[in-house]
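Let me begin by presenting the structure, written as structure tokens, before commenting on it.
In this text the structure is predicted, and so the values were computed from the model without any measurement.
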Amino acid sequence: MKKSVKLAVAASVLTAPAMAANIPMANSLPLNNMENPLYLPAKNMFYSKLSNGVMLKVADDSKAHKMKNHDGEIEFPIIRIQEEMGYGITDRWAVHGSVQYTHDDDIGRTGLSAGRVGTTYRLLNMYNGFVWDIYGDLHLGGIGEMRGAYNVKGNVLAGQVSGVFDYDNYSNGMWGFHVGTKFGRVWNRLTTSAFVEVLRTFGDDNNTIRVVGDNTPFGVIPLPGGINGINSTATQLAMLGAPSQVSAELKSTTELNAGANVFYQWSDKWSTGAWFRYNHHTDQGVEKITTNVNPQLAVLKTALEQQLSNMKDGFDEYIIGLSVARQMTEHAQVALYGEYTFDTAHEKSQNGTDVKAEVGVRVNFTF
């Protein structure tokens, strides 16, 4: 009997480390910090993170900017406001959402630039400091329609037209979803983490594209009574009864985001973080013009569909950032942050820059 007891004790000692490695650990000081990239609210806890940033951009010399006479132009100040909120259903499961508003007066772009709502589940929260989350978010691009203007040039009657598509706002007008995972490890006061996610959008015609004809004269056009008028794209569009705006069904897209973070908790009050993110924005494309037009404008409709079937407007962003935060009270925190973005843009992208920098302040609360 004594021998059996001794064997049982020995077995429990040998198996204890393996069992403990899979038991969720209590939240440590770094994980309770809302600036920590692995932060997750505790059960029944709300959190709010309000960011207010100012961005400076200098447009690059891409084909799209040259066609708009905007290459090398400075855009400042660009106001960016983001609100993120969440709630802990359990210590390992939370719901959250965020919206971002951007105002760029220099190019007339204002509106929803990001929005999502979803949930995160903590698969692992181990005593050795390893954390692994999975999450899914609804992409809220469809809340607002995409707006833009297609500046038509050329002889519509002869079927010789071209144009420039100019975005008026940030939203692509499409719904979609993000699926992703993030993981990392906490070493006492140091946290390292990484994430990767995929965004899938679904094509629809939640957009308004103004049709603007070029007024540059390229000849004369006969009018009733033997009068010759100015022959321009704008004149021809007016004669043919072209609609002032059309809608287009956009193609579905797949985008990729990934990044890595380093975070350090200096003391109960002070912490700092650094990060790198990669965002791949794929080319947009038009499936078809959904607005009905009269037969005489069929050539223009076909031209728009062909020229915009691949907008060649994709771009890749490489973002580096730094932040420093101070815990003001048990439930309030203030952080200063800065980001600099390098990008590579496709020939017709209106998002290519030579300089893209943002600084701001973020106020975090739990309640």
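- The list of side-chain hydrogen bond (donor to acceptor under 3.5 Å, both in side chains) pairs with a residue in residues 154-165, not counting sequence neighbours, reads Asn155-Gln236.
- Of all non-hydrogen atoms in Ser271 and Phe263, the two that sit nearest each other are CB-CZ, 3.5 Å.
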Test salt bridge (Lys or Arg N to Asp or Glu O under 4.0 Å) on Asp104 and Arg109 and set out the steps.
CA-CA 5 Å; Asp104 187 347; Arg109 285 194 191 181; over 6 Å; no
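- No path of Ile, Leu, Val, Met, Phe, Trp and Tyr side chains, each step under 4.5 Å between heavy atoms, connects Trp187 with Val131, placing them in separate hydrophobic clusters.
- At least one donor-acceptor pair under 3.5 Å links the side chain of Thr272 to the backbone N or O of Ser323.
- In this structure, Arg92 contributes its side chain and Tyr121 its backbone to no donor-acceptor pair below 3.5 Å.
- Side-chain rings of Tyr264 and Trp266 approach one another, their centers coming within less than 6.0 Å.
- In the hydrophobic clustering of this structure, Met67 does not group with Phe165; members are Ile, Leu, Val, Met, Phe, Trp, Tyr whose side-chain heavy atoms approach within less than 4.5 Å, directly or through other members.
- Taking a 4.5 Å side-chain heavy-atom cut-off between Ile, Leu, Val, Met, Phe, Trp and Tyr, the cluster of Val99 extends to Leu112, Val117, Leu138, Leu140, Ile143, Trp175.
- Listed here is the closest heavy atom pair of Gly352 and Ser349: N-OG, 4.0 Å.
- Residues Gly213 and Ala234 come closest through the heavy atom pair O-CB, 3.7 Å.
- Residues Ser48 and Glu83 come closest through the heavy atom pair OG-OE2, 2.8 Å.
- Cluster membership for Ile78 and Tyr167, using ILVMFWY side-chain heavy atoms within less than 4.5 angstrom, is not shared.
- Asp343 contributes a side-chain N or O that, together with a main-chain N or O of Thr353, makes up a donor-acceptor pair within less than 3.5 Å.
- Looking only at atom types and distance, the side chain of Arg185 has no donor-acceptor partner in the side chain of Thr192 under 3.5 Å away.
- Using a 30° and 60° split on the angle between ring planes, Tyr318 and Tyr278 fall in the tilted class, from 30° to 60°.
- Scanning for salt bridge (Lys or Arg N to Asp or Glu O under 4.0 Å) contacts around Arg80 gives Glu358, with sequence neighbours left out.
- Put simply, the side chain of Asn294 gets close to the backbone of Leu297: a donor and an acceptor are under 3.5 Å apart.
- In this structure, the separation between CD1 on Ile320 and OH on Tyr340 is 8.5 Å, given to the nearest 0.5 Å.
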Before you tell me yes or no, could you show the steps for Val161 and Thr233 under side chain to side chain contact (heavy atoms under 4.5 Å, CB included), namely the whole-Å CA-CA distance, both residues' side-chain angles and the distance that decides it to 0.1 Å?
CA-CA 9 Å; Val161 294; Thr233 308; 5.6 Å; no
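- Note on Leu304: it clusters hydrophobically with Leu237, by side-chain heavy-atom contacts below 4.5 Å among ILVMFWY residues.
- If you look at His281 and Phe315, their ring centroids are closer than 6.0 Å.
- Within the structure, every pair that satisfies the salt bridge (charged side-chain N to carboxylate O under 4.0 Å, His left out) test and touches residues 35-44, not counting sequence neighbours, is listed here: Glu35-Arg362.
- A donor-acceptor distance shorter than 3.5 angstrom exists from the side chain of Thr302 to the backbone of Ala298, with no hydrogens or angles considered.
- Trp93 and Thr119 make their closest contact through NE1-OG1, 2.7 Å (heavy atoms, listed as atom of the first residue, atom of the second, distance).
- Under a hydrophobic clustering in which Ile, Leu, Val, Met, Phe, Trp and Tyr are joined whenever their side-chain heavy atoms come within less than 4.5 Å, directly or via other members, Val212 and Val246 fall into different clusters.
- For residues 206-216, the side-chain hydrogen bond (donor to acceptor under 3.5 Å, both in side chains) pairs, not counting sequence neighbours, are Glu145-Thr208, Asp168-Arg210, Asp214-Thr216.
- The main-chain N or O of Asp166 is never found under 3.5 Å from a side-chain atom of Lys68 such that the two would form a donor-acceptor pair.
- Pro217 is linked by a side-chain contact (heavy atoms from CB on, under 4.5 Å) to Ile230, counting only residues two or more places apart in sequence or in another chain.
- Distance alone, capped at 3.5 Å, is enough to place a donor-acceptor pair between the Glu305 side chain and the Ile289 backbone.
- Side-chain atoms of Asp313 never come within 3.5 Å of backbone atoms of Asp283 as a donor-acceptor pair (strictly under, hydrogens ignored).
- Ring centroids of Tyr47 and Tyr87 are separated by 6.0 Å or more, keeping the two rings apart.
- Thr191 and Pro30 make their closest contact through OG1-CB, 3.8 Å (heavy atoms, listed as atom of the first residue, atom of the second, distance).
- Ion pair Lys312/Glu347 flagged as a salt bridge, since at least one NZ, NE, NH1 or NH2 atom sits closer than 4.0 Å to an Asp/Glu carboxylate oxygen.
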